[in-house]
Amino acid sequence: MKSNRSILSVLLIGIISSIALIYFYIIQRDFTKNHREFLISINNLEQHQSKLSYLILENSIYIYQNQDKIEQKIQEIQAEYKILKKSVLLKSDTYKQINKKIISLKKKIDSNIKNIEDYLMFNAGIKNSLLFLTRHIESGEFLVLEDSHILIKANHILKHFYDTKKIQDLDYLDYKEFLLHSDSSDKKTKDFIKKFNIHSKYLMKSYTDYINSINSVLHNDIYNAIIEINTQFSKLALKDFKALDTFAFMLFTIFILSLSFIIFLLYSSIKKNHTLQITSKSLQHSLTYDQLTNLYNRKALESRLNSISKPTILLINIDNFKDTNDIYGNQIGDSILINLARLLESELAYLENINIFRLGGDEFGVLFQDIDEDEIYNIAIKLEKNISEHKFSFDNLELDISVSIVCNTIFPILENADLTLKLLKQNPTKRVMIYTDDMNLKKSVEENMQTVQIIKNAIADDRIIPYFQPIVNLQTLKIEKYEALVRLKLEDGTILPPFKFLEISKKSSYYHEITKIMINKILQTAKEYPQYRFSLNISMLDILNEKLITILFDCFNQNLSVVARIDIELLESEFLEDTAKVQEFIKKVHSYGSNILIDDFGSGYSNFSYFSDLDIDVVKIDGSIVSEIVDDKRKLHILKTIHQFTKGMDMVNIAEYVESKEIAQILQEVGIEYAQGYYFSQPIPKPLESDKVTL
Amino acid sequence: MLKFILFTSIIISLYAQEPISPIPLESGVNRDKAKLGKELFFDTLLSKDNSVACVNCHDVSQGGADSNVVSIGFNGKKGNIQSPTVFNARYNFKQFWNGRAKNLYEQVDGPINNPVEHNLDSKIVEQRVNNSKLYKKRFSDVYGISKIKYTHIVDAIVEFEKGLITPNAKFDKYLRGEIDLSDNEKNGYKLFKQYGCITCHNGINIGSNSFQKMGTFIEYKSKNSYPDKESITNKQIHYNVFKVPTLRNINLTAPYFHDGSAKTLTEAIDAMAKHNLGVELSKKEKKNLIDFLNTLEGEKPAILESN
C-alpha cells in the first residue's frame with residue numbers, strides 16, 4: 001500500500017514535471033522566437049531608417065537621383081513596421097511601454113514620410129534653380145568685358161546660395177543683395193539679369209521651406225526612438241529571460257528532487273528485494289537443510305530420490321541414542337549428531353556423487369547413485385567400523401558410539417530401509433544389513449494394518465473374549481483358579497491367540513479397550529463361578545500406564561463383591577526402574593483382597609531383587625524350566641531351588657506348561673503347590689462346572 | 001556592417017548610373033488571374049447602368065489613358081480630372097493625381113465607387129459578378145472558390161493591371177546597352193538632365209515617385225479646381241501639388257497635365273519650362289526633347305495580345 005502510494009506520487013511528480021518541462025519548453029521557445037523576431041525587426045527598421053537617411057543625403061547632394069530608391073526604402077520601412085507591430089510580445093503587460101513607443105514611432109515614421117515628400121518637392125526646385133544659375137553664369141561670359149561686376153556679383157550670389165545649402169542655416173541667408181541690378185540698356189544684359197533674378201527670387205522664397213523640410217527630415221528622431229525601443233526592450237527582455245532562468249532552475253530542482261526520490265525508491269526496493277532474497281534463501285535452506293548439522297534434510301532426500309535413477313541409500317542409526325541423550329543431556333546429544341555429521345562427511349569424502357542427509361532424530365542417510373551392491377556393502381562395513389572406533393570428545397568427556405547401517409537399492413527406498421533398520425535393531429549381533437525382498441518386511445506391515453482393522457472390528461462386534469485355563473492344586477487335585485487369557489474371535493469363528501494381535505494393539509488405542517473388555521468379562525465370569533479364583537495378566541509396564549490402571553481400579557470398584565477372587569499376574573519386564581510405583585500398585589491390589597502373581601519366573605530377566613522390594617504372593621515358574629524337569633536334572637534343580645527360596649518367603653508356586661503326567665508327579669513330589677498346562681486342560685471358553693481332576 | 005553597406009553604397013553612387021531604369025521584360029503576373037482581370041476590366045457590368053467599363057477611360061489600345069480632357073463616366077457624367085495612364089501604373093509610388101491611393105488595390109476601389117464614374121458599391125459588384133454564370137465558373141477555375149468576394153474581383157483587376165507593362169522602349173534598350181540613340185535623341189536626354197526635368201522625372205516610370213507643385217516659378221492657373229494634394233492635407237504648401245506623372249508612352253497619352261490643358265507635347269514642354277523650370281527653350285531644344293520623349297514608347301503590354 002505504502003509502495004503503491006510512493007509509485008503514484010513519483011508518477012505524479014513525473015507527469016507534473018513533464019508538463020512543466022513541456023510548458024517551459026514552449027514558453028521558452030516562443031519567447032525566444034518572438035524575442036529574436038522582434039530584435040531582428042527592430043534592427044531591420046534601424047537599418048532601413050539609416051539607409052533612408054543616407055538616400056535623402058544622397059538626394060540632397062546629387063543634382064539628380066533615381067528617387068524610386070527612396071520610395072522603395074519607405075515601403076520597406078512600412079512593411080517592417082507592420083511586422084514589428086504584429087509581434088506577440090507587445091500584447092503582454094511587460095511590454096506595454098514598448099508598445100506605446102512603437103505606436104508613437106508610427107506617427108514619427110508617417111510624418112517623416114510626409115516630410116520627405118515635401119522635401120523632395122522643394123529640393124527639386126532648389127536643385128534645378130541652382131543648376132540653372134550655374135549654367136546661366138556660364139552663359140554670361142559676354143559680361144566679362146563690359147559688366148564684369150554683374151558676373152562677379154552673380155557668382156557671389158550663387159556661392160552664397162550654395163553655401164547656405166551646405167550650411168543649412170537660414171540665418172546665413174541675407175536677402176538684401178541677392179538680386180542683380182544694372183542700368184545697362186543692352187538687351188542681352190537685361191535678359192541675363194532678368195532670368196537670373198527670377199531664379200534668385202525663387203530660391204530666396206523657397207529656401208526657408210527647403211531648409212526647414214530637409215532639417216525636419218534629417219533631424220527626425222526616429223533613429224533615436226528605435227535605439228531607445230531597442231535598449232528598453234533588451235532590458236525588459238532580460239527580466240523575462242531571468243524569470244525563465246528562475247523557472248528553469250526550479251524545474252531543474254524539481255527534476256533533481258524527483259530523480260533523488262526515484263533513486264531512493266529504487267535503492268530501498270533493491271534493499272527490500274535483497275532482504276527478501278536472503279529470507280527466501282534461508283527459507284529454501286531450511287526447507288532442504290537440517291539446521292543442526294547443516295546436512296540435507298529428509299525432505300531434500302525425498303525430492304532427490306524422485307530426481308535420480310538407480311538410487312541406493314545407506315541408513316545410519318545411532319544405537320541407544322536415547323540413552324546417551326538421557327545420560328549426558330541434549331546438548332551433548334546434539335554435539336554427537338553434529339560430530340557424526342562431520343565424521344560422515346570426512347569418512348565419505350573420497351566418494352563422488354553422493355549426498356549426506358540427516359533424516360531426523362538419530363538417523364542419517366547417504367544417497368548413492370548407480371552403485372553395485374558389493375561396493376555399497378563394503379562402504380557400509382568400513383563406515384560402521386570407523387565410526388565405532390572414533391572417539392567423540394567433548395571437553396573432558398570421551399564417548400564411543402555405535403551405529404547400525406542399512407543398505408537398500410530397492411523401491412520404495414526409504415520405507416524398505418526403515419523396515420530393515422527395525423529388523424537390524426532386533427538383532428544385537430549384526431551392525432550392517434542389506435535389504436532384500438525375501439525379508440517380507442513389507443508384508444508384515446500390511447498384515448499389521450490388517451490386524452489393526454481386525455481388532456477394530458472385533459471390538460465393535462464384541463469378539464474380544466477371555467479363555468480360561470484351570471490351575472490345579474496338586475495336593476487336592478482340585479481346580480482352584482483359572483488364568484484368564486485374551487482371545488480374538490474372527491468372524492468365521494477362528495480363535496486368535498494374543499501373540500497374533502496383542503502386540504499390535506499396544507501400538508494403537510485399542511489396547512486400553514481390550515484391557516477394559518477383558519477385566520469386565522473376567523469379573524462377570526467370576527460372578528458366575530463363585531467357587532474359583534481368576535487371574536488377570538498385567539505387564540509391569542502397564543502399571544506405569546496411568547490410564548490403564550485407572551480403568552482397572554474403576555472396574556474393581558464397580559464389582560467389589562468379586563474382586564477378592566481376582567488375582568493379578570505381573571509379567572516380568574526387562575525395564576522396571578520404578579519398583580516403588582509397582583509396590584504402590586501391589587499394595588492397592590492387596591487392599592481389595594487380591595493376590596499378586598509373578599508370571600514366567602525363571603525365564604529372561606528373572607530378578608530376585610523383586611522379592612525384596614515387592615510383596616508378591618505367588619510365583620509362577622516358567623514353562624521353559626517346568627517342561628524339561630523330567631529329562632534335565634539341572635532344570636529340576638532350578639525348580640527345586642526356586643521353590644525352596646519362594647517357600648522361605650511365604651510364597652506359593654504355580655508350575656506352567658505341565659504337559660504330562662510325569663511332570664505333574666515330579667511337581668507333586670517336589671511340593672509345588674499348583675500346576676497348569678495341557679495335561680490338565682487347554683484354555684477353554686468357560687470354566688468347568690466340576691473342579692475335579694485326576695492325575 | 002551598416003558602415004560597410006553605407007560605404008559600398010557611396011562608392012556605387014559616385015559612379016551614378018542613369019537615374020532612369022528600364023521596365024522589366026516580364027511582368028511575372030499570374031496569367032489566369034490577369035486574364036480574368038482583363039475580362040472584368042473590359043466589362044461594363046462594373047458600372048451601375050452597365051455603360052462604363054474601366055477600359056472606357058483607360059484606353060489600353062492607345063496609351064492606357066483617356067484622350068478626352070476629362071473622362072465620361074456613369075450616366076454621361078464628366079469626371080473632374082484627366083485620366084492617367086494605366087500602363088506601368090504598378091510602378092507609381094502612389095495612385096491618382098493627388099496620390100490618395102497607396103497602391104493599385106486601393107486605386108481600383110476608387111473609380112468603381114465614384115458616383116461620376118462607375119457608381120457602384122462593393123456589395124452590388126459582388127452580387128453582379130456572382131450572378132454571372134461565366135464569372136462563377138471563371139473564378140471557380142482561377143481562385144477555386146464558389147462564392148466570389150469583392151476582394152477577389154479587385155485582386156483579378158489588379159493582377160491584370162500589373163500585367164500592363166510596356167517593356168523594350170527604345171530608351172530602355174539604350175539603357176541596357178542594346179542599341180544607341182540618335183544624336184537628336186541623345187541631345188534631348190542631355191537637355192532633359194541639364195534643365196532639371198530629371199530632378200522630378202526619374203526612376204523606372206520617369207516620374208511618379210514624388211509630388212511636385214504645378215507652377216513653382218510662375219503660378220499655374222486652371223479654369224476649374226482639381227483635387228490636388230491640398231485637398232487631402234489641407235496644407236497651403238500643397239496647393240496645386242500633384243503626383244509627378246510618368247513620361248512613359250507620353251507620345252500616346254495626350255492631352256497632358258491633370259487638367260488636360262496641353263494638347264501636344266510641345267505645349268506641355270512649354271508649360272513645364274515656363275512654370276516649373278523658369279526657362280525658355282529654343283525650338284531645336286524642344287524638338288530634341290520630343291525626340292527623346294518618343295524613345296519612351298514601349299511595346300504594347302503582352303497581356304493584351306493574348307486571349
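Side chains are part of it too, since the values below use all heavy atoms of this structure and drop only hydrogens, waters and symmetry mates. Quick note on labels: first sequence line is chain A, next is B, and so on, each numbered from 1.
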Asks: For A:Asn224, I'd like to know if atom CG has over 12 heavy atoms of other residues, nucleotides or ligands within 6.0 Å.
Replies: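 Yes, because the 6.0 Å sphere around CG of A:Asn224 holds more than 12 heavy atoms from other groups.
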Asks: Measure the shortest side-chain to side-chain distance between A:Ile198 and B:Phe217 over non-hydrogen atoms and say whether it is less than 4.5 angstrom.
Replies: yes
Asks: Given heavy-atom pairs under 4.5 angstrom as the criterion, report whether the side chain, backbone, both or neither of B:Val241 touches chain A.
Replies: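 The side chain, not the backbone.
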Asks: Could you go through B:Phe93 and A:Ile70, starting from their C-alpha distance and side-chain angles, then the distance that decides it, and tell me whether this counts as side-chain contact (heavy atoms from CB on, under 4.5 Å)?
Replies: CA-CA 10 Å; B:Phe93 86 131; A:Ile70 293 172; over 6 Å; no
Asks: Would you say that more than 12 heavy atoms from the other residues, nucleotides or ligands in this model lie under 6.0 Å from the CD of B:Glu280, or not?
Replies: no
Asks: Counting heavy-atom pairs closer than 4.5 Å to chain A, which one of B:Lys94, B:Lys213, B:Lys235, B:Lys102 comes out on top?
Replies: B:Lys94
Asks: Once you round to the nearest 0.5 Å, how far does CE of A:Met121 lie from CZ of B:Phe211?
Replies: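 The CZ atom of B:Phe211 is 9.5 Å from CE of A:Met121, to the nearest 0.5 Å.
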Asks: Could you grab the distance from atom CG of B:Asn205 to atom CD of A:Gln67, nearest 0.5 Å is fine?
Replies: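 It is 13.0 Å, given to the nearest 0.5 Å.
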Asks: Between A:Lys114, A:His199, A:Gln65, which shows the greatest number of heavy-atom pairs under 4.5 Å with chain B?
Replies: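 Most heavy-atom pairs within the cutoff with chain B belong to A:His199.
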Asks: Counting only non-hydrogen atoms closer than 4.5 Å, does B:Tyr195 touch chain A with its backbone (N, CA, C, O), its side chain (CB onward), both, or neither?
Replies: both
Asks: Is there a side-chain contact between A:Asp118 and B:Lys229 in this structure, where contact means two heavy atoms from C-beta onward sitting under 4.5 Å apart?
Replies: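 They are in side-chain contact.
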Asks: Kindly check if the number of other-residue, nucleotide or ligand heavy atoms within 6.0 Å of NZ (A:Lys201) is above 12?
Replies: no
Asks: Which of the residues B:Cys200, B:Gly196, B:Gly99 is involved in the greatest number of heavy-atom pairs with chain A at under 4.5 angstrom?
Replies: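 Most heavy-atom pairs under 4.5 Å with chain A: B:Gly196.
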Asks: Do you know the tightest heavy-atom contact between A:Tyr64 and B:Pro19?
Replies: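 Nearest heavy atoms, A:Tyr64 then B:Pro19: CD1-CG, 3.4 Å.
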Asks: At a heavy-atom separation under 4.5 Å, does B:Ile218 approach chain A through its side chain, its backbone, both, or neither?
Replies: neither
Asks: Can you find a heavy atom in the side chain of A:Asn66 that is under 4.5 Å from one in the side chain of B:Glu18?
Replies: no
Asks: Can you tell me how far apart CD1 (A:Ile126) and OG1 (B:Thr199) are? Round to the nearest 0.5 Å.
Replies: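 If we round to the nearest 0.5 Å, A:Ile126:CD1 and B:Thr199:OG1 are 11.5 Å apart.
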Asks: Please determine whether the number of non-hydrogen atoms from other residues, nucleotides or ligands lying under 6.0 Å from atom NZ of A:Lys100 exceeds 12.
Replies: no
Asks: So, the side chain of A:Asn128 versus the backbone of B:Leu277: is there a donor-acceptor pair under 3.5 Å, distance only?
Replies: no
Asks: Give a yes or no on whether A:Lys108 atom NZ has more than 12 heavy-atom contacts from other residues, nucleotides or ligands under 6.0 Å away.
Replies: yes
Asks: On a heavy-atom basis, which atom in B:Thr216 and which in A:Lys205 lie closest, and how many Å separate them?
Replies: O-NZ, 3.8 Å
Asks: Is there a donor-acceptor pair under 3.5 Å between the side chain of A:Glu71 and the backbone N or O of B:Asn209?
Replies: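 No, the answer is negative, given that no donor and acceptor are paired below the 3.5 Å cut-off.
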Asks: Flag yes if more than 12 heavy atoms outside A:His149 fall under 6.0 Å of its NE2 atom; otherwise flag no.
Replies: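 It does: A:His149 NE2 has more than 12 such atoms within range.
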Asks: How far does OG of A:Ser213 sit from CD1 of B:Ile237, to the nearest 0.5 angstrom?
Replies: 8.0 Å
